[in-house]
Structure formats: C-alpha cells, structure tokens
Amino acid sequence: MNLLHYLIIIPFIVGLFCLVIPKKLSKLRDLLAIGGGLATFYFTIVIFLRKPVEWFYNDLLLLKVDNLSGFILLAIGLFGVLIVLYSLKFMAGKERLSEYYTYLLWTIGGACGAILANNLILLLVFWGFLGLTLYLLIGIGGPEATPAAKKTFIIVGGSDCLMILGIAIIWSLTGSLQMDNISIHLTGLLPTVAFLALAIASFAKAGAMPMHTWIPDCAEKAPIPVTAFLPASLDKLLGIYLLGRIAMDIFVMNKAMGTLLLIVGAVTIIAAVMMALVQHDLKKLLSYHAVSQVGYMVLGIGTGNPIGIAGGIFHMLNHAIYKSCLFLTGGAVEHRTQTTNLNRLGGLAKLMPITFITCLIAALSISGVPPFNGFVSKWMIYQGVIQLGKDGDKLWIIWLVAAMFGSALTLASFMKLIHSVFLGSPSPTTPRPVAKRNEVSFTMWMPMAILAGLCVIFGVFAYRVPLKNFIFSAVPGISFLGFWSPGLATLLIIIGIILGAIIYWLGNIKSLRTDTTYVGGEIIPQDNRVTGVDFYDTIKDLGPLKVIYKKSEKKLFDIYDQGARVIFLFTKGLKKIHTGLLPTYLIWVLMGTVILFFILVKG
Amino acid sequence: MNLIVLFVAIPLGAAFLMPLLGRVARKIPDILANLANFSLLVLALLATKQGLVVYKIGGWEAVGGIPIGIYLVLDGLAVLMLLIVNVIGFLATFYSVAYMERYTDKPRYYTLFLLMIAGMNGVILSGDMFNIFVFMEIAAIASYALVAFGTEAEELEAAFKYQVLGTVASCFILFGIAIAYSLTGTLNMADMSRVIAQQGIGTPVFFVGTLFLVGFGLKAAIMPFHAWLPDAHPSAPAPISAMLSGVLIKAIGVYALCRVLFNVLGLGKVSSFLYILLVLGTLSMIAGSLLALGQRDFKRLLAYSSISQIGYIILAFGLGTPLGFLGGLFHLLNHATFKSLLFLNSGAVVYSTGNRDLKKMGGLSQRMPVTGTTSMIASMSISGIPPLSGFWSKLIIIIAAIQAQQFIFALLAVVVSIITLAYYLKVQKLAFFGKLGEAWQEIKEVPAVMCISMIILAVLCVGLGILLIPGIKAVILDPAVEVLYNGARYAQLILGS
C-alpha cells in the first residue's frame, strides 16, 4: 500500500466506525474521531516531508504530491484536527453526532483525495463527494438548515456537473485525463468553454461571484464548526487549488481569460465587502468576508505573473487560517451567549479574553494590517497587479484600487464587529448574559489560539516559514518589486507599542474619572448604548447604492433564485399543456407520428 | 431441454397455479410468487455464463433456409435485460409480501405480476417478430390491470388512458410487423435482418422503422408519446410502480426498440434515425425534468423523472458510438435500480402515512430511518453524485456526447443533470428532512421485508459502479454493447452462416 492511500483510507474507515458505534459509547466515538484526525494529520506531515510521492496504477499516475499540493494537504490535516477538537465541546449534546463526525472525517478524506488526484475523473469523484458531505454536514444544523443545504448543494453540485463537461472536452481535445501531461492553449471556442466550466466549478467551491450565494445562507444555518471548516477554509483551499491548477498547469492562459479572472476578482472583493458592511449578524458578516477575500485570490491568479499567483495562493492559505479562526471565535461567542446578533452582544472583551485577543488578531489579519499574515499576501497581490501594469495592462490601476479599497472597507467592517461584540457595554438583551469572566473550555480555545498564533507567525516570519517552505517551491520564478521586511517592521511596531505603554504608565492617564452620561438634563434610557451595528447604515441610503442594496435584498443578484425563476417559467408552461385529457394526448401522438414520418420517410 | 425456456415457463406456470392454490392457505401466494421469482433471479445470474444460446422450441429446424420454428435467443443484450427484469422483479415481489397486505386480493395480484414478468422475459428472449408482439401484449395487458388494481376512480382513469395509448402503440407495432413480413417473407428476426441486408435499406425499411419508433416509443414513453406515463405509474401499487418505471418501459419499450431498429432493420448506422433518437431523447430529458420540478405528488414526480431518465438513455443510443451504447445501457441498468428503489420508498411513505403530497410531509427520516437513508442514496445516485452508480453512467453519456461532437446535447445533458439534482433535493427537503409534521409523530418504520428490499437496492445503487472495472465490464456490459453496436452481425451469429 502506498503512503498516499492512508490519507484517504484512514478517514473513511474511522468515519465508518464512528457511524456504527452505539450511541452510549459517545466518549469512544469522540476519541476515535480525534484519533482519526490526528492520524491523518500525521500522515500529511510525513508526506509533506517526503514529497514528491507518487502512486501508479497500471502505469497510470493516479495520485501524486507535488510542491503545490503538499502544503495544502498539510493545511487540510491541521484544520481537520482543530475542527474535530473544537467540535468535541461545541457540538456536545446536539443530535446526530455520530453522523456529524463521520461526515467530517469523510470530508477530510475526500479533500485529501481531491488534492492528491492527478487523474481528472478521480478529481471529479472526490470533488463531487465533497459536495455531498457538505450538504449532509449543513443538514446536521437541524430542520431550519435544510433549505440552505439544498441551495448549497444545487449550486456546488450543479457546478460539478459543469466540470464533467469541461473534463469531457479536455479529454476529446487531448485524449488524456492525466493532469500532469495536459497543456491546452486557449484558442478557439472549445478550450475556452472547458476552461470556463472548470473555473465555474472552482468559483462555486471557493465562493467567488456569481456563485457565492450559498455561503451566507450556509453560514447562517449550519453549525459553526462546519462553516469554519468548509466554506471558510477547506472549500477555499480546494477551489483556489483547482483554479491554480487549471491556470498554471492544464491551460496556457491568454489575456482575455486573465482579464475575466481579474474582473471576477475585483467585483467579488468590492461587492461582497459592501454587503458585509451592513450585516447585523456575526455569522453573516463573516460569511460575506469569506466571499470578499476569495476575490483577492482570484485577482492574484488572474494577474498571471508569478508574484501575483504566489500571492493568491498564499492568501488562500492565510485566509483559511484567519477565517476559520474568526468563525471559531464566533462559535465561542455563540456557545456562551446563545446569539450571534450584533445588536444583542457587547462588552465581551473582559469576560472572554482569549476569544477577544484571537478574534482581534484574526480581524487585523484579514484587514491586511501589518505585521500579520493577511498583509503579506495582499502585499504580494498588489505587487502582482503593479507588475501587470508594467507589462502593459492599462486597467491595472482599477484592479489595484479595488483591492486596496476593499481592504479598507474590510478593516471598517471589522471595527464594527469588534466594537459590537467585544467592546462597548454589555447588551441587556443578550439571551444568556455572561456575568463574570467565563472563557470557553480548553478544547475550544486551543484551536483558536493555534490559528491566531499561525496568523502571527506567518506574518512576522513570512519569508522564513510559509513562503520559503510552501509557496516559493509551488510557484517558480518569483521576483519581488518592493521589499517588505516583516521582521524589522514588527520590531518597530513592538518598540512603538512599548513606548506607548511607557508613556501610559509614566503619565497620569490611569487616574481618569468616569461619570454618568449627561445630556442636557434628559433622563437617559437604560439601554442607550453605542452598539456599532448602525456604524455604516448611512451608506445604505447613498444614491445609487441604495438601489443596489434594495435589489440585492430581493435576491436579484442571486444566481440561484434567478435561475429558479427562469426554470419555473418553463415548468409552468409545460404543466399547462398537460391537461390530463386523453384526446389531447392522442393528438400529440398523431402529430408526433406525422412529423416523424415526414422527416424519416421523406428524407 | 434448455434452461432459457424456464424464463418464460416458470412465471407462466406459477401464474397458472396461483389462482388454483392461492385460496388453499393464506401464505401460499407469497411463497409461490417469491419462489418463482427467486428461481428466475438465480437463472438470470446463471445466464451470464452462458454465452450465445439459440434455442429452437420443439426442435423445428429451418426448411429450405427459412427458419420456421419459434426461436429463443440469449445474447449479451438479453442477458443484461434478464438480469435487470428478474433482480428487480424478485425484490418487488419480496416487498409486496408486506405491502400488499393492505389490498384484498393477493392471488390475483401475483398472477398478474407473474404474467407481466413472463411477458417481459419473453420479449427479451424472443427471436421472432411475432412472439415479440405476443409477449409484449401479455406484459402490457397485465400491466393495464395492475395499474387499475386499487379500483379507485383515479386508478381506473389512469388505467384507461394507459390502455388506450398502449393499444395505439400495439397497433403501430403490429402494422410494422405486417409490412416487414410482406417485405421480407419471414418473421424470424435474424432471417429478416439477413434479407433486409441483402435487399438494401430503402424507403420501405424507413417506413417500417418509423412505425416501430412510434409504437415502441409509446411503450417507452419518449416525448411526445409520454403522456400516459405520469398518470399510470403513480396509480399502481408501489411495487408495481417500481416494476413499470424500473423495468417495463425498458423491456417492452427501449429494449424492443433497439433490438428492432439496430439488429433487425439494420438502422444502427443510419444518421437520420440516430439523429431523431438524439432529438427525441433530449426532448424527453428536458421536458421530463422540468415537469418533475413542478410536482408536489411524490409518485408523480418520480414518474416524470422516469421520462427524463429514459431520455438520457435514448440520447446515448442516438449517438451511435460504442461509448454511447455503453453509457446508455449502463444508465438503463442503474435507472432500474434507483427508480425502483425510489418507488419502493414512496410506497413505504404511503404505507406509513397514507399520503403522497410532498408538502404535507416533513422530517420523516426521524421516524423512518431506513426509508430516509435509502431514498437519500437513490436520490443522490439518480442525480449523478459520485461515487454512486448514476454518476458513472451520466459521466459516460456526457463524455460520449462530446466524443461524438454533439456539444449542444452534452450541454443540455449537463443542465438537466443540475435540474435533476434540484428536484431530488426538493424531495429530500420536503419529505425526509425539515420539521416532523404534527400528524406524523406516531408513525413507524415499515415492516422488515420492505426494508430488506430497499436496503438491497440501495446497496446496488452504491456498488454498481464496479461493473465498469475492466474485468467485470467484459462479462456484463461489453457483450451487450457489442450486440447493439455491431447490429448487422446479429443475423450471422444466430443463423450461424
């Protein structure tokens, strides 16, 4: 048995055991799940260190690990363990837990398989299977989650069907299904259709526009660890991995397709972050950012130059880290307070300090604030766009402005989030107020802390740790335009903070005076707080934006609802002519017969 | 005496004994029917090892080079079809043991059921045109009666429509057989094929071909000849719905059509016929899926879905390539398993809740885990989700369409696949997930025999993909593909010259 098989077989077998273990032995099942996760993680490390590893079946290279897939496997293994660990406490006492762990482990196995596959059909099998496990996992969220699960699976599963089309065209063009020896020039209609089919599949998985609409619905209803694991991290890894593969290996990109990716990227960044600004729910807000950040990755890959692609892929990794961290902190908040409505939260910083700090780090990271990891990858993407301009693209400034503006808006919306949840004063409407300091349990804060730690390490030691080991080997030929020295910058920032602290202590700032609010003698109601929820509501009323927000509330931009509307028009028409009357049906038969005779016998 | 006669003799014999012995003791009808169908199942499995068998009933040899006796022919395609008919047949009978307790007259039910099986096996094995017609009528008339078995107004109306349109179909077919006989002077299919090949394919053959296309097209419910199906299939008792949708439309519709067009008339390489099959298949595929999407009635949704899936099969055959035939035949096999399973699931739901309206269900998985899980597997399989069986056949069909340069048809097949996923997810959402309705708090899972049938079919839905592994493919699927693709060789093989 090849080493690579363990990655697929272990999660599947352990998952099956989880399914059949009787309900009474829930402790054993939990242990088994975490053991399965750890074992898989262990093998991803072993494989990463030994890469390249390959497995042939009858001279057919079916599974392989190269520089690009190696570190993605590592990330899948790590996230798998962390999510299982987090779920032990978070999901405890919920229904259908055996199924939950089974699907979680199968997802890990399926994702490893999809990343390992070198054969397109094999990729398709694992890819489609992941859609199924995602559907089942969202379904664990209970009866309310069913519509979201259905919508998700129709978008994701539907794009998998398109993938079949793309793969079939590739096969008819090249006669090969092996990803390592296909290289198609994008000239003519067929290769373009094949590229678009595969790109749409990757967009749907990663959540780029216009295939993103399942993510907010899914985040709202699915259990938080599922959101943190799939839409936030694993599906990004997979979607962008596929996009990278098709853009770098399978197809030789041309300018038109590159520009298409740039447009998709830029629109995704801006539109999704605008939606995020006006959200009132923690999970929904995060989910729109999960869409917005995909824009950066697509933009990076769309630049087509090594630094941009490397930036896009690095951003994918970083995003997986900070976004799952953010969702997990959101889960911690929900676990304690029973709500994720920003209106009903507040003042949790002192009560849940670890959650607060990890959330803050991840929030700064996603906003691209140095020295955290999100900044480094965004910086690389900016450089890719600038390089694009140097190579003669006239529109580069648009992409750059979109990326930077998006980053600013991201920061703005996270200020709203941090303020509403952790700062400010506690809300009187919290369903279960946290009275005294009450951090979540060890198994829950541990994954959050590890992820936040990674945010710091990947940012401060960007060159020494992630870029050198993971990214540079995956994307050859990178040259930096401007140099950013994270070590030095961090040092400067730390010095700045220390200086600030010294001033804080030396000066007499501590002896400030607090008093009740006084507004011209009015009696102030009890719940008069600055919640932060309405921070950016004014943009909703700004001229053209007002119309767009209104339309998007009516789901005008949702490909799922619009598609359904068109399809149902046809259905209605067809239903109308099926009257159930025998003479009508006999006439159809007669007409059909006449037409067939006319075509077949006359010709 | 050759074994293949038993495929017709056993069910006919059992159908004859059923009314005689059925009233003697309560358990006898169940035992007799299951015994008969189980032995057929075993025979069908044995038949896979037989290779080509030509059996002349009564030992009548050809006179002056013209075969005059009744021929029974077992070739690769027949083996595949026999497997489908008898596996599903047995599981449906087994399911009936519990399900049909609710109806009053088990002996009559089993009599009709066995006659239908005898008819289908006869059509599949028959080597001459007239016996195809006779056996087809046996199966069809039994099925008219079975659709009306509940004798409620709705069932009688459906059976009436089914019967009228079925009779129209039979007329076309009989007419076609008569003209073919006048053209060739023989009724033996192999001999007819030889004569037509000698005379060359001209307008008269096209005329006959079109008659068969309309006739068998009606039996197979291809658009625009499909209108009887959405009424007839849901009205029958669930195991019969499973047989009708899963097997009957394939045995006396798709199979007979292919056999006659490709093997007898030699139209397998005529582009106009192939193109018409492509277009009709695509029409059925699209219209069936759109209509299924708009249904609230569980069984009617499944019936429209059958039209859509038969469309896939016809489309694949219309490509005329070996890969197309492989995809079509494999999809035929898969559709038999998952559609029968879905109808059995719908039967289980009706058994427990007495309700077919999806909007009134909800959360049934909580009370009926076996039905819920198996229906989930079948739904995913029919929607083409890997690694279930339906994924593989759809994959092959789409790849075959691209390979044959029929890009638009490939794209339409993909789009319909998405719609299929949508309406099966709707079934799952409305019936099995969601909130458990007030009225269904007390319902229970169906009896064990029904569960066993459903579980076996679900296992088949998961595992049938293994038929594509080269070693196994060479035994079951490849011989069947060979029969259709090299349609002209049929005469040579049978007549042995």
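Naming convention: chains lettered A, B, ... in sequence-line order (proteins, then strands); numbering from 1 in each chain.
Residues of residues 187-199 of chain A that come closer than 4.5 Å to chain B, counting heavy atoms only, are Leu190(A), ordered by residue number.
Heavy atoms closer than 4.5 Å to chain B are found nowhere in Phe126(A), neither backbone nor side chain. In this structure, chain A has a heavy atom under 4.5 Å from the side chain of Val168(B), while its backbone stays farther away. Contacts between Phe391(B) and chain A at a heavy-atom distance below 4.5 Å involve the side chain alone, from C-beta outward. When heavy atoms are compared at a cutoff of 4.5 Å, Ile595(A) does not approach chain B at all. Only the side chain of Tyr304(B) comes within contact range of chain A, with at least one heavy atom under 4.5 Å from a heavy atom of that chain. Heavy-atom distances place the side chain of Trp171(A), and not its backbone, under 4.5 Å from chain B. Contacts between Leu388(B) and chain A at a heavy-atom distance below 4.5 Å are absent for every atom of the residue.
Within the structure, side chain to side chain donor-acceptor pair (under 3.5 Å) pairs that include any residue of residues 399-416 of chain B do not occur (at least two apart or interchain). Applying the side chain to side chain donor-acceptor pair (under 3.5 Å) test to pairs two or more places apart or on separate chains, those with a residue in residues 378-400 of chain B are His331(B)-Ser393(B), Asn334(B)-Ser393(B), Ser379(B)-Gln428(B), Ser381(B)-Ser389(B).
Results of the side-chain contact (heavy atoms from CB on, under 4.5 Å) test with Leu177(A) over Ile167(A), Leu122(A), Leu123(A) single out Ile167(A) as the only residue that passes.
The greatest number of non-hydrogen atom pairs below 4.5 Å with chain B, out of Gly128(A), Cys161(A), Ser172(A), is found for Cys161(A). Interface summary for chain B: among Ile567(A), Leu132(A), Val589(A), the most heavy-atom pairs under 4.5 angstrom belong to Val589(A). Between chain A and the residues Phe407(B), Phe433(B), Phe225(B), Tyr275(B), the largest count of heavy-atom pairs under 4.5 Å involves Phe225(B).
Closest approach of Ser202(A) and Gly239(A) over heavy atoms only: CB-O, 3.3 Å. Summarising the geometry of Leu319(B) relative to Ala404(B), their closest heavy-atom pair is CD2-CB, 4.0 Å, with the distance given to 0.1 Å.
Taking the six-membered ring for Trp and the full ring otherwise, the centers of Phe129(A) and Phe12(A) sit less than 6.0 Å from each other. Taking the six-membered ring for Trp and the full ring otherwise, Phe216(B) and Phe172(B) have centroids separated by 6.0 Å or more.
Atom CD of Gln441(B) has more than 12 heavy atoms from other residues, nucleotides or ligands within 6.0 Å.
In this structure Glu155(B) satisfies the salt bridge (Lys or Arg N to Asp or Glu O under 4.0 Å) test with no other residue, sequence neighbours excluded.
Considering CG of Leu412(B) and OG1 of Thr282(B), their distance stands at 6.5 Å, rounded to 0.5 Å.
Between Tyr135(A) and Phe153(A), the ring planes are parallel. Angles under 30° get that label, and only those over 60° would be called perpendicular.
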